[in-house]
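Presented below is the structure to which this report refers.
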2 protein chains.
Amino acid sequence: MDLDQFDHQILALMQKDARQTGAELADQVGLSPAACLRRLQRLRKIGAITREIAVLSDDVTGRNITLIVTLPLNRGRPDMRARFREYFGKLPEVKHLYHVTGEADLVLILECQTMEAYADFAERHFRMDEIKGYETNVVLQTLI
Amino acid sequence: MDLDQFDHQILALMQKDARQTGAELADQVGLSPAACLRRLQRLRKIGAITREIAVLSDDVTGRNITLIVTLPLNRGRPDMRARFREYFGKLPEVKHLYHVTGEADLVLILECQTMEAYADFAERHFRMDEIKGYETNVVLQTLI
DNA sequence: GTTGAAAGCCAGTAACT
DNA sequence: AGTTACTGGCTTTCAAC
């Protein structure tokens with residue numbers, strides 16, 4: 001799979017917006033529309049582009065409150081993170097779970113239906129021994 | 001935003017594959033192609049579909065380092081966030097951008113190829129007046 | 001091999017029933 | 001909503017590089 005600069009430009013553009021026309025791509029990468037679309041065809045064929053999907057609005061899914069929660073952990077068993085993944089991975093509210101350096105050890109991206117639902121969630125899931133505490137940032141706006 | 005059963009079907013299909021034709025959608029939901037495309041138009045217009053994006057194969061991005069960056073902002077013009085979205089939305093490193101309550105005002109989820117690339121990124125993009133500073137958390141492991 | 005330009009084709013749009 | 005006609009983008013061909 002060898003890609004030149006034009007291919008990478010097209011991929012970057014398509015990653016942001018897959019509905020751009022050949023002419024729009026052409027303007028941005030400096031090739032003709034036909035050349036862009038030929039390359040795009042190839043990028044799909046060789047699997048550089050896995051698929052193209054629609055992103056749905058949060059309020060169509062019903063979970064419209066996003067929260068970023070940082071969890072400092074107490075040092076514990078080495079399989080602790082695997083167990084957290086196991087545990088949080090099953091919960092539909094959990095969109096992402098990162099293990100990070102710095103103060104906090106885990107960062108959760110959650111989506112809940114209401115703040116009450118989040119309060120319940122925290123009450124139920126953040127009370128284990130391994131979790132030293134938690135800090136919540138409510139997302140006012142998901143810009144991207 | 002009121003959606004009937006047909007709308008929900010179309011959304012579910014588009015979430016899996018946004019390149020289906022009107023005829024393909026029509027086969028699956030049991031309406032005419034034109035009706036499906038009319039609904040699709042509406043779903044985009046009312047924002048039920050936020051955007052449509054290409055998913056790139058992992059080995060094409062080469063971006064293996066994920067970073068969570070919190071940006072405290074100086075109070076500024078009210079269109080500041082729109083301008084940030086405009087600005088960061090164009091950068092392929094930016095996976096997500098949240099406007100949050102609390103200490104930090106913006107939270108960025110980034111993917112970079114190397115730490116040097118991130119240092120460059122920060123140097124180039126976090127030096128504007130509106131940005132008071134930045135705190136970086138390197139993701140050791142993306143658990144979900 | 002690649003490109004850009006032009007012709008042909010097909011999907012998306014709009015008007016009408 | 002469905003059918004039809006129209007428009008515009010995508011695909012293919014071709015000549016030139």
Side-chain angles (χ1 to χ4, degrees), chain A residues 1-62 142 144, chain B residues 1-63 85-95 113 117:
Chain A
M1 206 186 280
D2 54 11
L3 308 172
D4 64 13
Q5 220 45 45
F6 290 120
D7 290 318
H8 279 110
Q9 276 186 68
I10 291 169
L11 287 171
L13 291 167
M14 289 293 289
Q15 196 173 22
K16 293 297 174 193
D17 177 10
R19 270 176 59 78
Q20 296 175 87
T21 70
E24 286 168 332
L25 293 173
D27 284 344
Q28 298 171 86
V29 306
L31 287 175
S32 71
C36 289
L37 292 166
R38 263 195 302 261
R39 281 163 178 273
L40 190 50
Q41 248 174 308
R42 173 173 167 271
L43 292 170
R44 292 198 251 249
K45 188 173 182 180
I46 65 176
I49 293 176
T50 309
R51 58 209 184 104
E52 284 152 80
I53 59 167
V55 178
L56 306 189
S57 131
D58 290 342
D59 45 74
V60 105
T61 63
T142 299
I144 300 172
Chain B
M1 204 186 281
D2 53 10
L3 309 172
D4 64 14
Q5 220 45 46
F6 289 120
D7 291 318
H8 279 110
Q9 275 185 70
I10 291 169
L11 288 171
L13 291 167
M14 290 292 289
Q15 197 172 22
K16 278 196 274 182
D17 177 10
R19 270 176 58 77
Q20 297 173 85
T21 71
E24 286 169 331
L25 293 174
D27 284 344
Q28 298 171 84
V29 306
L31 288 175
S32 71
C36 288
L37 292 166
R38 263 196 302 260
R39 281 163 179 272
L40 192 48
Q41 241 175 314
R42 175 173 166 269
L43 292 170
R44 292 198 253 249
K45 188 173 183 181
I46 65 176
I49 292 176
T50 309
R51 57 205 187 111
E52 284 151 81
I53 60 169
V55 178
L56 306 190
S57 128
D58 289 343
D59 46 77
V60 97
T61 63
R63 293 203 171 77
R85 169 170 49 195
E86 184 71 22
Y87 183 79
F88 286 117
K90 290 208 174 81
L91 305 174
E93 291 90 346
V94 179
K95 286 294 164 231
Q113 302 200 354

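Chain identifiers are assigned alphabetically (A, B, ...) following the order of the sequence lines, protein sequences preceding nucleic acid strands; residue numbering begins at 1 within each chain. Everything quoted here is computed from the prediction, not taken from an experiment.
- The backbone N or O of A:Leu13 sits less than 3.5 Å from a side-chain atom of A:Gln20, completing a donor-acceptor pair.
- Residues from residues 48-56 of chain A with heavy atoms under 4.0 angstrom of DNA chain C: there are none.
- Residues B:Gln113 and B:Arg63 share a closest heavy-atom pair of CG-CG, 3.8 Å.
- Taking atom CD1 on A:Ile10 and atom P on D:dC10, their separation rounds to 12 Å, with Å as the unit.
- Paired with B:Leu3 under the rule side chain to side chain contact (heavy atoms under 4.5 Å, CB included), one option of B:Gln9, B:Arg42, B:Arg39 passes, and it is B:Arg42.
- Taken from CG in A:Asp17 to CD in A:Glu52, the straight-line distance is 10.5 Å, to the nearest 0.5 Å.
- Considering CG of A:Leu40 and CG of A:Leu37, their distance stands at 6.5 Å, rounded to 0.5 Å.
- As a whole-Å value, the separation of A:Arg42 CZ from D:dT11 P is 15 Å.
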Output a table of nitrogen or oxygen pairs between the protein and nucleotides 1-3 of chain D separated by less than 3.5 Å.
from, atom 1, to, atom 2, distance (Å)
D:dA1, OP2, B:Arg39, NE, 2.9
D:dA1, OP2, B:Arg39, NH2, 2.4
D:dG2, OP2, B:Ser32, N, 2.9
D:dG2, OP2, B:Ser32, OG, 2.7
D:dG2, N7, B:Arg38, NH2, 2.9
D:dG2, O6, B:Arg38, NH1, 3.3

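- Taken to the nearest 0.5 Å, the CD1 atom of A:Ile49 stands 11.0 Å off from the CD1 atom of B:Ile53.
- B:Ile10 contributes atom CD1, which lies 11.0 Å from atom CZ of B:Arg38 (distance to the nearest 0.5 angstrom).
- Pairing each heavy atom of A:Thr50 with each of B:Leu56, the nearest pair is OG1-C, 3.6 Å.
- Residue B:Gln41 contributes atom CD, which lies 11 Å from atom P of C:dA15 at whole-angstrom precision.
- With values rounded to the nearest 0.5 angstrom, A:Asp7 atom CG is found 10.0 Å from A:Cys36 atom SG.
- Checked by atom type and distance alone, the side chain of A:Lys16 pairs as donor or acceptor with a backbone atom of B:Leu91 at under 3.5 Å.
- For the pair A:Leu25 CG and C:dT3 P, the interatomic distance rounds to 14 Å; values are reported in whole Å.
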Write out a two-atom table: protein N or O, nucleotide N or O from nucleotides 9-12 of chain C, distance below 3.5 Å.
from, atom 1, to, atom 2, distance (Å)
C:dG12, OP2, B:Gly22, N, 2.9

